[in-house]
Number of protein chains: 2
Amino acid sequence: MAGVSVATVSRTLANPEIVSEATRDAVRAAIAETGYTVNQAARNLRQKRVGGIVALVPNLANPFFSKILSGISSVLREERLNLLVADTMAGAEAREALIAYANRSHADGLIVLDGTLPPEIFRRSGCPPVVLACETIDGLDTASVVADNAGGARLAVEHLAGLGHRHIAHLAGPEQNSLTVDRKRGFEATMAEQGLDPRPEWMLRGDFSLASGRNAARQLLDMATRPTAIFCDNDEMACGLIGELLKNGISVPGDLSVAGFDNVDFSAHITPALTTVRQHRDALGEAAARVMLGLLDGQPATDRIVLPVELVIRDSTAPLDPGRG
Amino acid sequence: MAGVSVATVSRTLANPEIVSEATRDAVRAAIAETGYTVNQAARNLRQKRVGGIVALVPNLANPFFSKILSGISSVLREERLNLLVADTMAGAEAREALIAYANRSHADGLIVLDGTLPPEIFRRSGCPPVVLACETIDGLDTASVVADNAGGARLAVEHLAGLGHRHIAHLAGPEQNSLTVDRKRGFEATMAEQGLDPRPEWMLRGDFSLASGRNAARQLLDMATRPTAIFCDNDEMACGLIGELLKNGISVPGDLSVAGFDNVDFSAHITPALTTVRQHRDALGEAAARVMLGLLDGQPATDRIVLPVELVIRDSTAPLDPGRG
DNA sequence: ATCACGGATGTAATCGTTTACGTAGACCAT
DNA sequence: ATGGTCTACGTAAACGATTACATCCGTGAT
């Protein structure tokens with residue numbers, strides 16, 4: 001020690017007020033001079049914590065998830081917690097790697113953005129607190145934060161029905177995806193309330209990608225009788241769909257009204273500007289991180305938080321042409 | 001110990017071959033039964049390493065960066081290294097937090113995606129190996145991996161000039177951004193080679209956002225004499241620009257050819273599909289991660305890797321209408 | 001003068017690994 | 001039988017911080 005002691009340094013850093021002013025200054029001067037920094041590994045070992053939380057992301061490259069991560073990160077920073085990111089879309093060894101992450105010695109907590117992971121992983125002893133964000137996992141009733149997916153679908157269908165549309169299609173996401181399940185439920189419930197009968201052949205499947213939206217457009221083009229409106233489970237698919245329709249001479253919204261979900265950045269800037277359901281993904285991430293902080297503080301929260309969504313009406317939806325339908 | 005010993009367990013895990021088969025099996029059985037897992041903090045403390053590398057990202061929510069992260073992550077996983085993500089776009093305390101990250105006890109290495117950070121941070125003693133990815137930092141000649149930004153601008157300008165355009169504008173990014181600097185250099189050099197004189201009033205500034213593309217479109221609309229083609233420093237700005245032009249009755253590419261940079265996912269799906277310069281951001285991330293692994297292995301690499309780019313010709317650029325120009 | 005008390009700081013145990021070193025036994029050669 | 005070599009494993013010392021406990025000193029009360 002440049003100044004005087006051993007443990008006193010630790011106290012100076014942790015509880016400056018319990019050490020006398022003189023030594024405090026001496027220690028600080030020595031620290032500044034030597035460029036000392038605490039060794040995280042040693043601190044973690046002693047305190048039995050890691051100082052970081054892991055986010056399990058299905059696909060880091062997807063902006064949908066990175067916005068949530070951004071929200072998580074902003075909250076964790078305040079608490080001086082690190083954000084570790086693990087891409088779960090890995091190969092065969094993925095499962096083992098995941099199990100390694102689901103351990104107290106790796107992370108103080110786990111925020112799971114991937115609804116396709118098997119719930120057993122998070123039930124093992126030694127697994128830190130878990131918060132599900134965005135997607136849910138069947139059979140795992142931990143704390144979770146999700147958007148009001150069913151409500152969003154309702155808003156979209158009510159909007160289209162209010163424009164006079166009676167033949168409304170649905171471009172859904174992957175079958176097992178919890179977002180898809182909720183949005184489909186909202187879609188079908190609202191269709192029924194509106195006295196509309198969804199035709200099975202107008203129930204299309206995609207995988208949330210632009211390409212799958214394009215595929216759906218081709219299916220629509222091949223149909224003998226087409227719907228006059230379609231609700232897409234996300235904006236990427238809506239964008240891909242619109243692009244392919246326009247290329248084939250179908251007018252949007254003239255021949256087909258299109259509504260999306262998410263309100264991603266480009267939705268307002270494509271032509272026609274996309275009518276969609278806005279959800280705040282950064283807020284979702286922030287909320288999930290705050291729930292996590294609560295869990296770390298010992299709150300036994302098993303909350304299931306549902307964040308509100310709003311309809312954003314733009315140019316891709318229009319009243320039904322009375323000559324049709 | 002369920003089986004027999006203390007240090008033997010460690011050996012069984014690290015070098016299974018130096019321990020006899022009998023004890024090896026015994027140890028493994030005990031591990032399986034008790035659900036033992038190694039404590040990372042203790043291992044890190046002993047081995048004087050962290051087992052993770054930190055990526056400093058200017059804006060996690062930006063898909064541009066998240067794709068790079070995805071590439072980094074895929075390479076690090078193979079080496080069982082964690083990826084920690086730190087958003088540098090923080091508030092006032094950001095600088096201090098950054099300095100904390102630029103320390104061996106936090107990370108074994110640093111991959112920096114933010115070219116606006118002050119170089120001093122990475123010169124401090126105790127700073128782990130640094131790799132610059134995507135953007136560069138003036139006055140810091142560490143290893144770096146960047147795309148061929150000047151070459152990409154060259155490809156775009158040559159393409160537009162080849163279509164007969166002589167009045168070519170440039171929508172650039174932020175002035176101090178290294179991507180902008182390189183692309184501007186490529187743009188101006190190629191214009192000169194083609195015998196074209198870039199008009200100062202056709203040199204527009206944006207910030208890579210969709211909104212700044214829209215702003216640029218409004219500036220174009222106000223001009224007495226407009227260019228017949230424009231090269232945009234990224235696809236987002238090109239998309240925002242096209243959206244606003246179409247809304248105001250300007251045809252793309254009829255009245256104005258537009259070329260972008262990046263080839264983001266939606267570029268192929270907007271209308272008109274965007275001509276752009278493709279760069280592989282995931283490959284960039286992978287390359288940066290591999291350079292980092294090399295540094296960790298003790299290679300003194302001060303490489304400056306430049307990744308090739310390609311022109312993707314779609315529908316937003318067309319030959320100059322002979323009646324104009 | 002003795003004691004109690006409280007504030008400031010030093011001592012040492014602890015966290016869970018890794019690993020240099022030592023030792024015990026087996027085996028072979030002399 | 002002694003000595004040397006090798007393998008398999010136990011012993012104990014690190015790694016660097018935190019923290020319960022002990023110590024020391026000064027102050028005021030009895």
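Heavy-atom basis, side chains included; hydrogens, waters and symmetry copies ignored.
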Exercise. Say whether, by atom type as modelled, one donor and one acceptor occur between the side chain of A/S105 and the main chain of B/V38 under 3.5 angstrom.
Key: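 Checking the backbone N and O of B/V38 against the side chain of A/S105, a donor-acceptor pair under 3.5 Å is found.
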
Quiz prompt | B/T88 side chain to B/L56 backbone, donor-acceptor under 3.5 Å | solution =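 Side chain of B/T88 to backbone of B/L56, a donor-acceptor pair under 3.5 Å: no, none is there.
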
Exercise. Quick one: label A/T37 by what it contacts on the DNA or RNA (base, sugar-phosphate, nothing), any heavy atom closer than 4.0 Å.
Key: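 Result for A/T37 = sugar-phosphate.
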
Quiz item: Just checking A/T23: base, sugar-phosphate only, or nothing, at a heavy-atom cut-off of under 4.0 Å?
Solution: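 Result for A/T23 = sugar-phosphate.
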
Quiz item: Which residue lies toward the 5' end of DNA chain D, B/S20 or B/Q47, if each is placed at its nearest nucleotide?
Solution: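 Residue closer to the 5' terminus by nearest nucleotide: B/S20.
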
Quick one: which of [options] gets closest to the side chain of [X]?
X     : options                : answer
A/A7  : D/dT19, C/dT17, D/dG16 : D/dT19
A/L45 : C/dT19, D/dG16, D/dT19 : D/dG16
B/K48 : D/dG16, C/dT17, C/dT9  : D/dG16

Self-check item: Base of D/dT18 paired with side chain of A/R46 (donor-acceptor, under 3.5 Å)
Solution: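 When only heavy-atom distances are counted, A/R46 does reach the base of D/dT18 through a donor-acceptor pair under 3.5 Å.
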
Whole angstrom value for the distance that separates [atom2] of [N] from [atom1] of [X]:
X     : N      : atom1 : atom2 : answer
A/R49 : D/dA17 : CZ    : P     : 15 Å
A/E17 : C/dG7  : CD    : P     : 13 Å
B/N39 : D/dC15 : CG    : P     : 18 Å
B/R24 : D/dT7  : CZ    : P     : 15 Å

Quiz item: Nearest nucleotide by nearest heavy atom, which residue falls closer to the 5' end of DNA chain C, A/T8 or B/V38?
Solution: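 Checking each residue's closest nucleotide, the 5'-ward one belongs to A/T8.
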
Quiz item: Can you name the nearest heavy-atom pair linking B/E286 to B/S74, along with the distance?
Solution: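 Heavy atoms only, the tightest pair is CG-OG, 3.8 Å.
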
Self-check item: Sidechain N-carboxylate O distance under 4.0 Å for B/D265, B/K67
Solution: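 Salt bridge: yes.
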
